[in-house]
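Here is the structure we will look at.
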Protein chains: 2
Amino acid sequence: MTAMLQIAPIANDKISARTRAPWPVLEGGKSMPADPLAAALQSIGAVLKFKRNAAVFNEGDPARHVYKVISGAIRTCRVLMDGRRQIADFYLPGDFFGLDWQSEHGFTAEAIADAVVVSYPRSQLDLIAETQIGMQRLLMSLLSKSLCATQNHVVMLGRQTAQERLAWFLLNLMERSDDNADLDLPMSRLDIADYLGLTIETVSRGISQFKRQHLIDVCGAHKVTLKKLEALEALANGESEI
Amino acid sequence: MTAMLQIAPIANDKISARTRAPWPVLEGGKSMPADPLAAALQSIGAVLKFKRNAAVFNEGDPARHVYKVISGAIRTCRVLMDGRRQIADFYLPGDFFGLDWQSEHGFTAEAIADAVVVSYPRSQLDLIAETQIGMQRLLMSLLSKSLCATQNHVVMLGRQTAQERLAWFLLNLMERSDDNADLDLPMSRLDIADYLGLTIETVSRGISQFKRQHLIDVCGAHKVTLKKLEALEALANGESEI
DNA sequence: CGCAAGTTTGACGTACATCAAGTAGTGTGG
DNA sequence: CCACACTACTTGATGTACGTCAAACTTGCG
């Protein structure tokens, strides 16, 4: 394999930061902290804003915060020396990221589109967890969900074809977007390619093929409607009829 | 991609089970419970034995236990409908597995070689965690380490070549075996292939090439000596000089 | 509007998969 | 202890899904 020079430009301009959260931030940005856990989270959260392609944190940075997406979208990725890039995950409003319960972040986190994020100091979270069982459970469940998603990613990357990967990706995104078959793809084709372990051209061709097969409708590069869910699911689950 | 009919035979014979642990089981099977955490773990652990290829649990089973390897080796895997298999991870003596803090196990766990394993009921672990901060920390750190390893697996599967994957695998195994360059590979070539997202033939050819390049020595299919660590590390880190 | 960035499409190349023999190892029973 | 069978591994010849290179097209922002 020769170098893949498809590196996204990375600007590092945090546009505003470290204002005390003026609104409750637990349930996807809704108002009213119902339970003590939400209140605790709210009290330690700081709102941050990032421009497109700005880094929230870099690989190797001390992992002192956990983050939650309020609006926009975040990607976590690693770039090899010759430019090959792998995206570990995408995070949409409501998702937590940066859950590296280690000394350092293992991946870089960047804004895919202009994003608003709340950061929670890990030291505080650990402290709360010592007394509030709810916090302990929340952290465990977040970590566990993240592990589960990453393991599914492994199966996909290790054993599925390009079309299967795409179907898997679209369906995953649908599930996270309140099961709405009209999808908004905030990320570029390059991001999708680097997430699925493919090239931008293969992703583009794959989408075109789905369009030709009437499995999806495409309306602009960032709007997709899933039309034949069953066919896509069969593909995504590797029930190969290739 | 057509069907890959390289499925390992799966016998489901647990050879002996559910005896109360007669010795302390925290630190890789050593004796003497030093701290209260080890004692707590010891008191709730049950020793289980599994024959080669026997299942510890299956994908979809309720996730009621967490396990620790005492001797032998374990693999966790998922098999797609047409026989394609992906191995999520290998577990060696001292490693914990089955850390699905969800209702069900997402993968099947099987013994690679005859194995002795200790099982800890999750309900008990949760209970202990509520009062003992140490248990909480242990569980978080285990989950986090597992997530970290899985994320590295993702990068490898998504963006590395066959030779890079092999180098990565060998070095990873070395790190987990007390950094001894004389490696014992308990798993078959098929297991390695299904872990690295390759075929058995590609793994075999890759090992032969390393041998020809004098990067490793091979003495029987399950004994490897890493000779040029730097060259292997350069490969594993994707510092491509392909 | 006009340009630059992003996307699609086509022609061609290649790393790895597949198919097919052969060659160790490993355990079993005579 | 050796013959046998069986499984695991290796090696070679060939195929193909996806990558690479290149050019046209589309989109969206200044």
Side-chain angles (χ1 to χ4, degrees), chain A residues 1-11 51-53 82-85 112-114 156-166 185-194 196-212 216 218-224 235 240 242, chain B residues 1-11 51-53 82-85 112-114 156-166 185-194 196-212 216 218-224 235 240 242:
Chain A
M1 186 186 289
T2 57
M4 239 181 283
L5 294 171
Q6 306 177 338
I7 315 173
I10 293 169
K51 278 207 271 201
R52 189 167 127 83
N53 290 328
D82 59 355
R84 283 176 285 175
R85 185 180 72 154
I112 290 172
D114 291 1
M156 185 277 288
L157 290 172
R159 288 300 180 218
Q160 301 205 221
T161 65
Q163 291 305 103
E164 288 172 343
R165 292 177 198 210
L166 263 174
L185 308 179
M187 65 292 288
S188 69
R189 295 287 186 268
L190 180 56
D191 284 333
I192 299 175
D194 286 345
L196 298 180
L198 301 170
T199 59
I200 188 171
E201 294 95 333
T202 301
V203 168
S204 187
R205 277 187 251 271
I207 289 177
S208 297
Q209 191 183 323
F210 280 162
K211 210 161 45 178
R212 257 178 276 123
I216 64 173
V218 179
C219 172
H222 297 275
K223 290 274 179 204
V224 173
L235 261 175
S240 75
I242 312 166
Chain B
M1 188 186 290
T2 56
M4 242 181 283
L5 294 171
Q6 306 179 336
I7 317 174
I10 293 169
K51 278 206 272 201
R52 189 168 126 84
N53 291 328
D82 60 356
R84 281 176 285 175
R85 185 179 72 152
I112 289 173
D114 292 359
M156 186 276 289
L157 290 171
R159 288 297 179 222
Q160 300 205 223
T161 65
Q163 290 305 101
E164 288 172 343
R165 292 178 198 210
L166 263 174
L185 309 178
M187 65 292 287
S188 68
R189 295 287 187 267
L190 179 55
D191 285 333
I192 299 174
D194 286 346
L196 298 180
L198 301 170
T199 60
I200 188 172
E201 293 96 332
T202 302
V203 168
S204 188
R205 275 187 252 272
I207 289 177
S208 297
Q209 191 184 324
F210 279 162
K211 210 164 41 178
R212 256 178 276 122
I216 64 172
V218 180
C219 172
H222 297 276
K223 290 274 178 205
V224 173
L235 262 175
S240 75
I242 311 166

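Within every chain, numbering begins at 1; the chains are lettered A, B, ... in the order of the sequence lines, protein sequences first and strands thereafter.
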Atom pair distance, as rounded to whole Å: CD in A:Glu164 and P in D:dA17: 12 Å

Contact under 4.0 Å: A:Arg52 side-chain N or O vs C:dG6 OP1/OP2: yes

Touch class at under 4.0 angstrom, heavy-atom based, for B:Gly197 against every strand present: sugar-phosphate

Rounded distance (Å) that lies between atom P of D:dG19 and atom CG of A:Leu190: 13 Å

By salt bridge (Lys or Arg N to Asp or Glu O under 4.0 Å) - contacts of B:Lys211 (at least two apart): none

A:Asp194/A:Arg84 under side chain to side chain contact (heavy atoms under 4.5 Å, CB included): CA gap, chis, key distance, verdict: CA-CA 8 Å; A:Asp194 286 345; A:Arg84 283 176 285 175; over 6 Å; no

Under 4.0 angstrom between A:His222 side-chain N/O and D:dT27 OP1 or OP2: no

Nearest-0.5 Å distance that lies between atom NE2 in B:His222 and atom CZ in B:Arg189: 6.5 Å

Flag, side chain of B:Ser204 to backbone of B:Ile200, donor-acceptor distance under 3.5 Å: no

Short heteroatom pairs, N/O only, protein and nucleotides 22-24 of chain C, under 3.5 Å:
none

Protein-nucleotide distance (B:Gln209, atom CD; D:dT11, atom C1'), rounded to Å: 14 Å

Estimated bend of the helix from C:dC1-D:dG30 to C:dG30-D:dC1 (axis per five terminal pairs, rounded to 10 degrees): 40°

Distance, rounded to the nearest Å, where A:Arg84 contributes CZ and D:dG19 contributes P: 13 Å

Any side-chain heavy-atom pair of B:Arg85 and B:Leu190 under 4.5 Å: yes

Partners meeting side-chain contact (heavy atoms from CB on, under 4.5 Å) with B:Arg205 (sequence neighbours left out): B:Glu201

Whole-Å gap separating P (C:dA5) and CG (A:Asn53): 12 Å

Donor-acceptor pair, side chain of A:Asp114 and main chain of A:Lys51, under 3.5 angstrom: no

Value rounded to 0.5 Å, distance of CG in B:Leu196 from CD in B:Glu164: 12.0 Å

Show me the protein contacts with nucleotides 8-13 of chain C, counting only N or O atoms at under 3.5 Å.
{"residue": "C:dT8", "atom": "OP1", "partner": "A:Arg189", "partner atom": "NH2", "Å": "3.1"}
{"residue": "C:dT8", "atom": "OP2", "partner": "A:Arg189", "partner atom": "NE", "Å": "2.7"}
{"residue": "C:dT8", "atom": "OP2", "partner": "A:Ser204", "partner atom": "OG", "Å": "2.8"}
{"residue": "C:dT8", "atom": "O5'", "partner": "A:Ser204", "partner atom": "OG", "Å": "3.0"}
{"residue": "C:dT9", "atom": "OP2", "partner": "A:Ser208", "partner atom": "OG", "Å": "2.3"}
{"residue": "C:dG10", "atom": "N7", "partner": "A:Arg205", "partner atom": "NH1", "Å": "2.8"}
{"residue": "C:dG10", "atom": "O6", "partner": "A:Arg205", "partner atom": "NH2", "Å": "3.3"}
{"residue": "C:dA11", "atom": "N6", "partner": "A:Arg205", "partner atom": "NH2", "Å": "3.4"}

Whole-Å distance separating the CG atom of A:Leu196 from the P atom of D:dG19: 10 Å

Per A:Ser188 side chain, nearest of listed nucleotides D:dC18, C:dT18, C:dT7: C:dT7

Between C1' of C:dA15 and CG of A:Leu198, the distance in whole Å: 15 Å

Residues forming a side-chain contact (heavy atoms from CB on, under 4.5 Å) with A:Thr202, sequence neighbours excluded: A:Ala162, A:Leu198, A:Thr199

Nearest non-hydrogen partners of A:Val218 and A:Gly220, listed with the distance: CG1-O, 3.5 Å

Within-4.5 Å side-chain heavy-atom neighbours: B:Gln209 and B:Leu166: no

Distance (rounded to the nearest 0.5 Å) between A:Ile207 CD1 and A:Gln163 CD: 9.5 Å

Between D:dA17 (P) and A:Arg159 (CZ): distance, integer Å: 16 Å

